[in-house]
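Beneath this line is the structure, given in structure tokens, with notes to follow.
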There are 2 protein chains.
Amino acid sequence: MTSQIVADGGVSTAGTTGDERDLRLRSEVDQPSSPVARFTDEPLRLDSGQWLDSWQIAYQTYGTLNADKTNAILLCHALTGDQHAANTHPLTGRPGWWSEMVGPGRPVDTDHFFVICSNVVGGCAGTTGPASMNPRSGRPYGLDMPVVTIADMVRAQVQLIDRLGIDTLFAVVGGSMGGMQVLEWGASYPDRVFAAMPIATGPRHSPQNIGFHEVGRQAIMADPEWHSGRYLEMDTKPRSGLSVARMAAHITYVSEAALHRKFGRNLQDREDITYGFDADFQIESYLRYQGSTFVDRFDANSYLYLTRAMDYFDLADDHGGFLANAFQRTRARWLVVSFTSDWLFPTSESRAIVRALNGAAAQVSFMEFVSDKGHDAFLLEEPEFHRAARGFLTGAAIARGIEPPGAAI
Amino acid sequence: MTSQIVADGGVSTAGTTGDERDLRLRSEVDQPSSPVARFTDEPLRLDSGQWLDSWQIAYQTYGTLNADKTNAILLCHALTGDQHAANTHPLTGRPGWWSEMVGPGRPVDTDHFFVICSNVVGGCAGTTGPASMNPRSGRPYGLDMPVVTIADMVRAQVQLIDRLGIDTLFAVVGGSMGGMQVLEWGASYPDRVFAAMPIATGPRHSPQNIGFHEVGRQAIMADPEWHSGRYLEMDTKPRSGLSVARMAAHITYVSEAALHRKFGRNLQDREDITYGFDADFQIESYLRYQGSTFVDRFDANSYLYLTRAMDYFDLADDHGGFLANAFQRTRARWLVVSFTSDWLFPTSESRAIVRALNGAAAQVSFMEFVSDKGHDAFLLEEPEFHRAARGFLTGAAIARGIEPPGAAI
């Protein structure tokens, strides 16, 4: 298998209209610009008891799978991420969400590892989700899509890995919702994971986080353009609702310190306040921009489904109420990562994971990095974190008996 | 002047319809069930440069003003509060927002002090605001109401105090947006305040807090029922938008620890998750309730105006960029109060106030109370805080030479 970096997949959105952007977004849903694995005879079992009879999963790969198939790393993306971890994004034309971390010579070194990143079930970038065509009705699923869980996402990834002929993943790595998937992999597929790195995540979604998600969902569902989830058939979308949801969520992704540093109370293109409701402050202008651009690249129903999957995640509850039970069978090496200013998944959540892994006598390291970048730190340039990730993967590669990064030099 | 506790002002809302509740809310706007001071020949100057030519301020009083008029305490309410601090609320039928703190024998002891609480300018409980009738047009102001600031609120209170014949307030006390008013009183009317107690507040609104306010405003203005602020004339209101705004804000009023303690991941009236978008979790049900009941007692445009007033508050900026300058002329005794789990106005904000007061050689005490109740702690039963408030007011009463609480026993 060879590298499949989609170098020409990026298309600038400059000068495109809202309608054109909507068409592109819809095109990526069913016919993504990345490889797709289609499962027409291998239904996907869901936690809800429902099945997806015919479904697909969109993915990207970077680097080359070795002959023993022992160097595959699965990256699990976060709530609004997708499979485009390290290639130009087909809708936004911007670098992939983890291009700081993944690539030739990067901490997740594609010169040495075969990196896979797939869009989650329930997503909107080519894997089956609420915007996908429902084969039974011939129209988009909308709310007829069964609700999915983190475990369902992982079950779909397992089927993809099987399809790719990979038995054991060298590593599973991801942050936030991606970190939940890493935990689920370690708990449910202990024989198929050699190393695991959950980042900026928690073993269950907190009531505060459920609350913020519920605010976002209510904003979407209150938008008359949502049409009970049937907006695609009506050639519209709940722009305002999704934008408000994104604005509220975005505040939780950054730290108060970073907002002070980046924006403070600076005014936006004006000398003085206007005594009105325009975006006088840079922080207002910034949030409005975050909201409006998000609408161009994300499906509102997917936002409902993926936030719900996170809300439902409670790994201890799935294992008799004891988190350590979830990890009884793990044989993986673990590196648990948190950031000091992350208030969405504070370090206490990572400590709970580490305690449980220790309680299960697992091989676990834990690193908390000092950063003022909040939850989003894991996506940004954080040299110490990147060095630690590189070191962890290099050590694991030696233990796994595969050529470690840098060994060829 | 005698006590004006409106003991029969409370009307249960049980069994009332949404239309009836809307009518009551609108009735309180122009003809509140509390005393009103009307100013037809004394225009109110606003920071924006505009004037309110004819305006009114609704207020409650509790206790008796002494002969020297030296025992008056002004309570300043928070964003969604009103003048009904210690009486049954005319719309909700519930106790006033500070009935824990204010009353006979309470820390703010109405057996000894004459307590005044007025609805802020821009509010919707009887003081002139965007829901009030615009005398020039004969229809509700809507967005024709000039934007107001914290200083404007205080300027209106000064005119009320003048009308009541009170020269110097014994104390000005308030939390959150009320605390901002306390700071403004101390800074702009140093000769008229003997003691000041700003609680759970800050000297300027932080970018994070501006961000949360902007989310709420965008939610309201995105609601088609908002009609560019003209909803009252169309006999409707942006229920969904205001509800979402309240839900988002409410999360910021409580601590994560309190949400864990009160709700955790408990389910609402069900044994298991439903794999859907109903309110499976108690926290969801709670937030939806907070949103929907808020709509019955608050005007959406008022929410826009009052959040904007808080955003604009920056006391240092009003005084050459140096907060200490704001307090150069203060002669008041100050007690600055914060709560450990308040993340909307964290203790660091109070410390900034204390530093500035010390920098101005003011007489200042500072107390941070351990509580897991978050920002709302100041409204709730917090015995240590209440003891401190009582002690501060008693000490100040002795210094002021008025009969202190407990002296008569």
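By convention in this document, chain letters (A, B, ...) are assigned in the order of the sequence lines, proteins followed by strands, and residues within each chain are numbered from 1. These numbers come from a predicted model, not from an experiment.
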Dump the intermediate steps for side-chain hydrogen bond (donor to acceptor under 3.5 Å, both in side chains) on H375(A) and S176(A), then the final yes or no.
CA-CA 8 Å; H375(A) 182 62; S176(A) 197; 2.7 Å; yes
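Taking the ring pair (Phe, Tyr, Trp, His ring centres under 6.0 Å) definition, one finds that H205(B) meets it with H213(B), F345(B), sequence neighbours left out. Here T252(B) pairs with nothing under the side-chain hydrogen bond (donor to acceptor under 3.5 Å, both in side chains) rule; sequence neighbours left out.
Ring planes of F281(A) and Y312(B): tilted class, angle from 30 to 60°.
When all heavy atoms of P130(A) and Y305(A) are compared, the pair lying nearest together is CG-CD1, 3.6 Å. A pairwise comparison of heavy atoms in P43(A) and W51(A) identifies CB-CE3, 3.8 Å as the closest pair. Here the closest heavy-atom approach between residue E284(B) and residue D280(B) is recorded as OE1-N, 3.1 Å. Nearest approach of I150(A) to M177(A), heavy atoms of both residues: CD1-CG, 3.7 Å.
Here V244(B) is the residue among N266(B), V244(B), T274(B), D317(B) with the most heavy-atom pairs under 4.5 Å with chain A. The most heavy-atom pairs under 4.5 Å with chain A, out of D223(B), I251(B), L287(B), come from I251(B). Ranked by heavy-atom pairs shorter than 4.5 Å toward chain B, the options Q218(A), R217(A), M221(A), Q50(A) are led by Q218(A). No other option in P224(B), A248(B), G211(B), G276(B) has as many heavy-atom pairs under 4.5 Å with chain A as G276(B). In terms of heavy-atom pairs under 4.5 angstrom with chain A, the leader among N209(B), I283(B), V254(B) is I283(B).
In this structure, K373(A) does not pair ionically with D376(A), as no charged nitrogen and carboxylate oxygen lie closer than 4.0 Å. Salt bridge absent: R204(A) and D311(A) never bring a charged side-chain N and a carboxylate O closer than 4.0 Å.
Residue-level contacts of residues 141-149 of chain A with chain B, in order of numbering, are L143(A), V147(A), T149(A); threshold 4.5 Å between heavy atoms. Interface residues of residues 256-265 of chain B toward chain A, defined by a heavy-atom distance below 4.5 Å and sorted by number: E256(B), L259(B), H260(B), G264(B), R265(B).
Using a distance-only test at 3.5 Å, with no hydrogens or angles considered, no donor-acceptor pair links the side chain of R351(A) to the main chain of P346(A). The backbone N or O of V121(A) sits nowhere less than 3.5 Å from a side-chain atom of T128(A) that would complete a donor-acceptor pair.
Neither the backbone nor the side chain of R239(A) comes within less than 4.5 Å of any heavy atom in chain B. Contacts of L304(B) with chain A are made by both backbone and side-chain atoms, with heavy-atom separations under 4.5 Å.
For the ring pair (Phe, Tyr, Trp, His ring centres under 6.0 Å) with H250(A), the qualifying choice from Y289(A), F294(A), Y286(A), F212(A) is Y286(A), the only one to do so.
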